[in-house]
Amino acid sequence: MQELPENGQSRRRFMGAAALAGVAGATGLGTAVMSRESFAAAAGDARQKYMVEPGELDEYYGFWSGGHSGEVRVLGVPSMRELMRIPVFNVDSASGWGITNESKDVLGHDNTYLNGDAHHPHVSMTDGRYDGKYLFINDKANSRVARIRLDIMKCDRITTVPNVQAIHGLRLQKVPKTNYVFCNAEFVVPHPNDGSEFSMEKSFTMFNAIDAETMEVAFQVIVDGNLDNTDADYTGKYVVSTCYNSEKALDLAGTMRNDRDWAVVFNIERIEQAVKNGNFKTLGDSKVPVVDGRHGSELTRYIPVPKNPHGLNTSPDGKYFIAAGKLSPTCTVIAIDRLDDLFDGKLKDERDVVIAEPELGLGPLHTTYDGRGNAYTTLFIDSQVCKWNIADAIRHYNGEDVNYIRQKLDVHYQPGHNHASLTESRDADGKWLVVLSKFSKDRFLPVGPLHPENDQLIDISGEEMKLVHDGPTYAEPHDCILVRRDQIKTRKIYERDDPIFASAREQAKKDGITLEADNKVIRDGKKVRVYMTSIAPQYGLMEFKVKQGDEVTVYVTNLDTIEDVTHGFCMVNHGVSMEISPMQTASVTFVADKPGVQWYYCNWFCHALHMEMRGRMLVEKA
Ligand code: RUQ
Ligand code: CUA
Ligand code: CA
């Protein structure tokens with residue numbers, strides 16, 4: 001074993017106070033690299049556990065955010081093998097996401113955003129346990145929230161949150177079930193934001209709740225300051241968000257002026273009641289009820305927390321909200337069972353709900369839990385994970401002379417989020433910890449000026465954390481979630497009445513077409529609809545004829561009923577490509593602007609005669 005606590009200490013002294021002044025400046029730090037021998041010794045048995053032999057299956061599904069790649073990635077844990085990618089806030093050439101009509105039904109047919117910035121993936125819950133129905137994720141770049149159906153692992157809804165900018169922190173209601181998706185808009189803007197006003201003083205931002213089933217915004221809450229991360233409790237009543245810019249400053253120094261910013265607590269019951277009673281307004285064209293939760297409101301409480309706090313994580317026993325201090329070396333432990341008294345005015349001071357504030361190291365960003373009373377906080381500047389005991393931290397806060405720090409483990413390098421298996425649910429099992437390090441520096445072969453990031457897998461099942469795996473990743477998995485494999489149930493083939501292709505079915509009905517049987521061309525003025533089936537290795541239509549300038553929509557219905565016999569449809573030289581999985585219908589619209597023979601072919605390998613699966617669009621000169 002490396003002498004990690006000592007390393008940690010010495011580097012902390014080396015960093016000193018200068019590091020506090022600028023988190024961003026600290027990325028070039030040297031950190032001792034574990035030698036091959038010491039790694040092998042340290043990992044020992046743990047490495048055996050992480051080995052998933054060829055042909056074996058992983059114990060956990062991991063859902064990784066793809067950061068500003070806009071996608072979601074599915075990994076097996078502990079192998080850390082990438083299983084699938086789910087395009088969301090991006091365009092995907094393989095599946096046709098952003099190209100097909102079905103994906104445009106979700107993205108919006110006038111969607112002009114080809115980018116996104118996905119941060120926080122979270123799986124829907126029933127009674128505080130993952131129910132495997134949906135995964136939700138935010139898009140900071142374009143203020144959106146997406147829902148992914150986990151039975152087919154495809155995005156089925158995207159909602160743009162009105163009157164705000166940059167949806168960042170996102171968490172789900174845990175109890176009684178995920179009725180709401182809570183999400184924070186980070187940046188303050190004036191209202192109306194029509195160019196008549198630019199001052200920060202007159203600007204505000206809002207906390208938002210989206211109905212998880214309808215994906216409509218249920219309400220918005222105006223707050224003081226700004227909003228960063230958020231989490232919900234295990235009663236369904238309280239949600240807390242961190243604020244790093246209580247100063248409402250524009251300049252960097254200004255955002256660090258106050259020693260304490262705050263965590264704002266939202267009383268969901270009271271907010272629902274206010275909306276029900278009609279105590280709300282609306283903003284601009286939006287019909288979403290907006291309530292005022294600024295200082296003095298009965299709907300919120302503001303708990304002073306040091307300093308530019310970032311992560312906010314509920315402990316799996318439901319007792320604590322823990323805010324990570326970022327510019328303070330501390331985490332702030334908030335007792336959830338004191339929040340009723342706080343709202344009822346029975347406490348003298350907002351800080352009376354704080355029951356511990358352990359000092360952990362430099363740059364605490366996010367905390368996760370093992371379900372055995374320990375917390376694991378990432379230390380960005382120290383490049384470490386600090387394991388600490390919550391009960392001991394509380395005893396220390398009450399004056400007892402106890403050491404609450406259990407271990408500090410070097411990670412490589414500058415970690416943001418970390419996430420332990422099942423940690424956001426009552427089932428937190430303390431087996432695996434994933435640490436998402438923002439920099440990999442010397443851990444992998446160089447691939448140009450830009451390096452991959454490094455997702456490290458750590459065995460936390462024993463007393464000591466043991467690093468077992470380095471995983472290079474492309475920009476930028478902020479966060480991930482680990483779900484037990486039995487909590488996810490995927491379909492083998494599509495149901496024919498799947499809502500994903502409801503609009504294709506509707507159009508077919510109007511055209512008198514049976515998608516499962518007909519291979520036909522319907523002309524409707526300059527619009528041509530081509531309906532075809534596919535069975536490996538053939539399309540139902542070897543060729544079809546259109547006129548130059550026609551707007552052509554091709555509907556392909558895959559009649560193969562064997563799991564994973566997926567076909568593609570690619571029209572050469574037309575920018576058209578899509579996936580059609582077993583019993584799925586997919587469609588794509590394009591203009592046949594080139595006269596002559598235009599080949600189409602299947603681009604998902606499906607059969608020994610996959611190469612032969614092709615046909616011709618014959619375009620008559622206009
Ligand atoms: S928040 S580390 Cu979205 Cu921490 Cu990224
Ligand atoms: Cu069908 Cu390849
Ligand atoms: Ca601040």
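Counting starts at 1 for both ligands and their atoms, in listed order. The analysis underlying the following values was restricted to heavy atoms, covering all of them including side chains, and did not include hydrogens, waters or symmetry mates.
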If only atom types and distance count, is the side chain of Glu247 paired as donor or acceptor with the main-chain N or O of Asn258 below 3.5 Å? yes
Salt bridge check, [Y] against [X]: does any charged N sit closer than 4.0 Å to a carboxylate O?
| X | Y | result |
| --- | --- | --- |
| Arg260 | Glu350 | no |
| Asp139 | Arg144 | yes |
| Glu102 | Lys154 | no |

Asn184 and Asp228: side-chain donor and acceptor closer than 3.5 Å?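 No, because no side-chain N or O of Asn184 sits under 3.5 Å from a partner of the opposite role on Asp228.
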Has [X] got an N, O or S atom lying less than 3.0 Å from the Ca ion (ligand 3)?
| X | value |
| --- | --- |
| Tyr244 | yes |
| Ser246 | no |
| Thr255 | yes |

Using the six-membered ring wherever Trp is involved, compare the ring planes of His168 and His119 and label them parallel, tilted or perpendicular (cut-offs 30° and 60°).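 Ring orientation of His168 relative to His119: perpendicular.
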How many degrees, to 10°, between Asp261 OD1 and Glu247 OE2 as seen from the Ca ion (ligand 3)?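 Taking the Ca ion (ligand 3) as the apex, the two atoms subtend 90°.
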Return all protein N, O or S atoms below 2.8 Å from atom 2 (Cu) of ligand 2, chain by chain in residue order.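 Under 2.8 Å from atom 2 (Cu) of ligand 2 - ignoring waters, which are not counted - the protein N, O or S atoms are Cys602 SG, Trp604 O, Cys606 SG, His610 ND1.
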If you count only heavy atoms, which residues are under 4.0 Å from ligand 1? His119, His120, His168, His310, His366, Gly416, His417, Lys438, His478
